[in-house]
Amino acid sequence: MDAEYRIQSGPSGELLLVLAGDWRTGAALPALQPLLERLGAEPPLALGLGVDCRGVSGWARALPAVLRPLLEQCAETGVAVDRRGLPDGV
């Protein structure tokens with residue numbers, strides 16, 4: 001399964017980034033630019049951003065590299081990120 005993501009509301013009202021598929025280097029990776037633009041256009045996320053990686057079948061350096069701009073944007077805009085859903089090492 002190719003790498004994919006979707007955005008949904010989390011159980012506590014936060015925005016939840018759900019990742020699935022193969023996030024290894026060389027795999028077909030989705031662009032996160034649409035997500036970055038969406039986060040930049042919406043009002044600040046007072047309840048933060050959660051991440052759910054339970055559907056990720058494999059990952060390597062590609063996953064942290066793809067997520068870095070998202071995490072940086074959240075830090076710059078004061079959006080709290082709940083990293084508990086990320087794999088160890090990300």
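Distance check, rounded to the nearest 0.5 Å: CG of Leu17 to CD1 of Ile7 gives 4.5 Å. For the atom pair CG of Asp82 and CG of Leu49, the computed distance is 9.0 Å after rounding to the nearest 0.5 Å. Rounding to the nearest 0.5 angstrom, the gap separating the CG atom in Leu63 from the CZ atom in Arg24 is 11.5 Å.
Pairing each heavy atom of Cys53 with each of Pro87, the nearest pair is SG-CD, 3.6 Å. Here the closest non-hydrogen pair linking Glu4 and Pro30 is CA-CG, 4.1 Å. Scanning both residues, Val79 and Gly48, for their nearest heavy atoms gives CG1-CA, 4.1 Å.
Partners of Val66 under the side chain to side chain contact (heavy atoms under 4.5 Å, CB included) rule, at least two apart in sequence or in another chain, are Trp23, Leu29, Leu32.
Leu70 is not listed as a side-chain neighbour of Gln73, based on a closest heavy-atom distance of 4.5 Å or more. Within the 4.5 Å cutoff, side-chain heavy atoms of Val90 are placed close to those of Trp59.
Linking ILVMFWY side-chain heavy atoms closer than 4.5 Å, directly or via other members, places Val18 and Leu35 in two distinct hydrophobic clusters. Connection of Leu36 to Leu16 is not established within any shared hydrophobic cluster, with ILVMFWY side chains joined at heavy-atom distances below 4.5 Å, either directly or through further cluster members.
When atom types are taken as modelled, the side chain of Ser9 and the backbone of Leu15 share no donor-acceptor pair closer than 3.5 angstrom.
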